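Numbered from 1 within each chain, the chains take letters A, B, ... in sequence-line order. Remember, it's a predicted structure, so these values are computed and weren't measured experimentally.
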There are 2 protein chains.
Amino acid sequence: MTNAFVRKLERFGPLDRDERDALDALCAGAVHHRADDEIGQGGQAGTVPLLLAGFAYRFKLLSDGRRQIHGLFVPGDLCRHLYGHLSPSDHVVRTLSPAVVAAVPAAALHGAMERHPRIARALWASTVTDDAVLREWVVSLGRRSAYERMAHLFCEVFLRLRAVGLVDGQSCDLPLTQMDLGDLMGLSTVHVNRVVQQLRRDELIALKGPHLTVPDVAVLGRAADLDPAYLGLEVGPAHPRNAPARVGAA
Amino acid sequence: MTNAFVRKLERFGPLDRDERDALDALCAGAVHHRADDEIGQGGQAGTVPLLLAGFAYRFKLLSDGRRQIHGLFVPGDLCRHLYGHLSPSDHVVRTLSPAVVAAVPAAALHGAMERHPRIARALWASTVTDDAVLREWVVSLGRRSAYERMAHLFCEVFLRLRAVGLVDGQSCDLPLTQMDLGDLMGLSTVHVNRVVQQLRRDELIALKGPHLTVPDVAVLGRAADLDPAYLGLEVGPAHPRNAPARVGAA
DNA sequence: CGCCGCGTTGACTTCACTCAAGGCGCGTGG
DNA sequence: CCACGCGCCTTGAGTGAAGTCAACGCGGCG
């Protein structure tokens, strides 16, 4: 299977062989991490962690130990802003599962963007999309009920994974404990448990251990009050190419 | 007084006369808006709204009318991502007060960035900071109590306004109704009222109409469980220049 | 075998929401 | 000039969603 980074960027516009090779080159030297490993910190100044396989997240702790996760990464995602090196990092990135991570030198990334305008374009479109996801989290945390929030999260993850070809039929991996889900969506573990059970009873999802099944994303999305245009992934089928590139219009 | 955009960017590094002039040029043709006016929509494709005076916000509505504000803009702020034109906008931007807004052509902005690397650098640093603010909102909404949340918000706004020279002594403008505050922090109007009163009783803030006074930001920050490094504005005094540029380190 | 992490359940508490009403300041129009 | 309406702030009472605390089952692993 091709590089997840390439698959992700191809959603934003076609790439030719040359461009795909350039992206592959950026991933050289990817390393394996164990679950629950910190990534991108320490020695790696001037590089951007790129997740190629597995799951990761970023979070902040309050002074009394409360944790809030404010980013979830799936294969193909950059785990830091393209210009993140301009400002000291204020949070931690950690793997959720065994993972493959490339430490892409920021200079190489920017070089590739200069040489390949379509890569630059895709990368920026991807950044803008990441932003939209974060804003949608704000909406969830601020105004959606626990039930809607969880439904929205499962929907988002499912669609993002489908976009990089990691959904098999109606199922995908999701190595999150209920405690993680709580820290993602601002809920207690106990309440997550109850809400997940309700979602199961309503047959919107099946969730056993690290395995998520979504019988019908559209139905789940409706329960989540999900914006049909969200991620531009909604209506489309399993993988890009046939879907219209949702890019370029003003 | 100089252009708020220039003042904001100077926080991220010094700019010479030439660079300041370039920024000024981008603001040519700024127009006045009434309060509660939609900005940046419609005809303005290919431009980025830049707020030069007044306040604005962006929000989303859920299908049943619940509103969540997911961005608050103060003078000097760009109201859209630098590459926002790569993706259709999924939300609305609206003024909170009478405001002056320049519709900066994206092309002109990128041109200025190419000609003036220090402008590019400052603009990127500013983007990264905006990101950090949004993530901090996620933390607030997910894990802070209503009391901490409001304290954090007032602190953030106060520091951001101070950074562009819009704090006079211990006071600044803040033209938000309690309903707006609720939609910002995911609370009901009634509860906002109660929390604000508590903050007043604790003498952490004074808030009458559109006027906010913060006797001691450090104390307010402590009540908010605010990260001391947040915004890099904390310890510094009223305005840049004398403060070390918090930029460039990895 | 026994610990430990994770999911599950029940009972109770509490933070925040809803509903409802009243006050105040201000602009508009009679 | 005053009456009225309206937006906003305030207050009280009751409700409800989600949190806390505590216990137990289950499965994996050392």
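Between A/L181 atom CG and C/dG7 atom P the separation is 8 Å, expressed in whole Å. Remark: P of D/dC26 and NZ of A/K208 are 19 Å apart, rounded to the nearest angstrom. As rounded to whole Å, 17 Å separates atom P of C/dA11 from atom NE2 of A/H191. Rounded to a whole Å, the CG atom of A/D180 is 8 Å from the P atom of C/dC6. Following rounding to the nearest Å, A/Q198 (CD) and D/dA18 (C1') show an atom-to-atom distance of 15 Å. If you measure from atom CZ of A/R66 to atom C1' of C/dC15, you get 13 Å, rounded to the nearest angstrom.
Taking the salt bridge (Lys or Arg N to Asp or Glu O under 4.0 Å) definition, one finds that A/D202 meets it with nothing, sequence neighbours left out.
Atom CD of B/E38 is surrounded by more than 12 heavy atoms from other residues, nucleotides or ligands within 6.0 Å.
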Identify all pairs in which a protein N or O lies below 3.5 Å from an N or O of nucleotides 7-11 of chain D, and state each distance.
residue, atom, partner, partner atom, Å
D/dC9, OP2, B/Q178, N, 2.8
D/dT10, OP1, B/R200, NH2, 3.0
D/dT10, OP2, B/Q178, NE2, 2.9
D/dT10, OP2, B/N193, ND2, 2.6
D/dT10, OP2, B/R200, NH2, 3.2
D/dT10, O5', B/N193, ND2, 3.2
D/dT11, OP2, B/Q197, OE1, 2.4
D/dT11, OP2, B/Q197, NE2, 2.9

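The residues B/R66 and B/D183 are annotated as not salt-bridged, no charged nitrogen and carboxylate oxygen being separated by less than 4.0 angstrom.
Counting non-hydrogen atoms under 4.0 angstrom, B/G182 reaches nothing in the nucleic acid.
Relative orientation of the A/H91 and A/H70 rings is perpendicular, given thresholds of 30° and 60° on the angle between their planes.
The aromatic ring centroids of A/F59 and A/Y57 lie less than 6.0 Å from each other.
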_Worked check of side-chain hydrogen bond (donor to acceptor under 3.5 Å, both in side chains) between A/Q197 and A/R194_ = CA-CA 5 Å; A/Q197 286 181 60; A/R194 293 180 168 135; over 6 Å; no
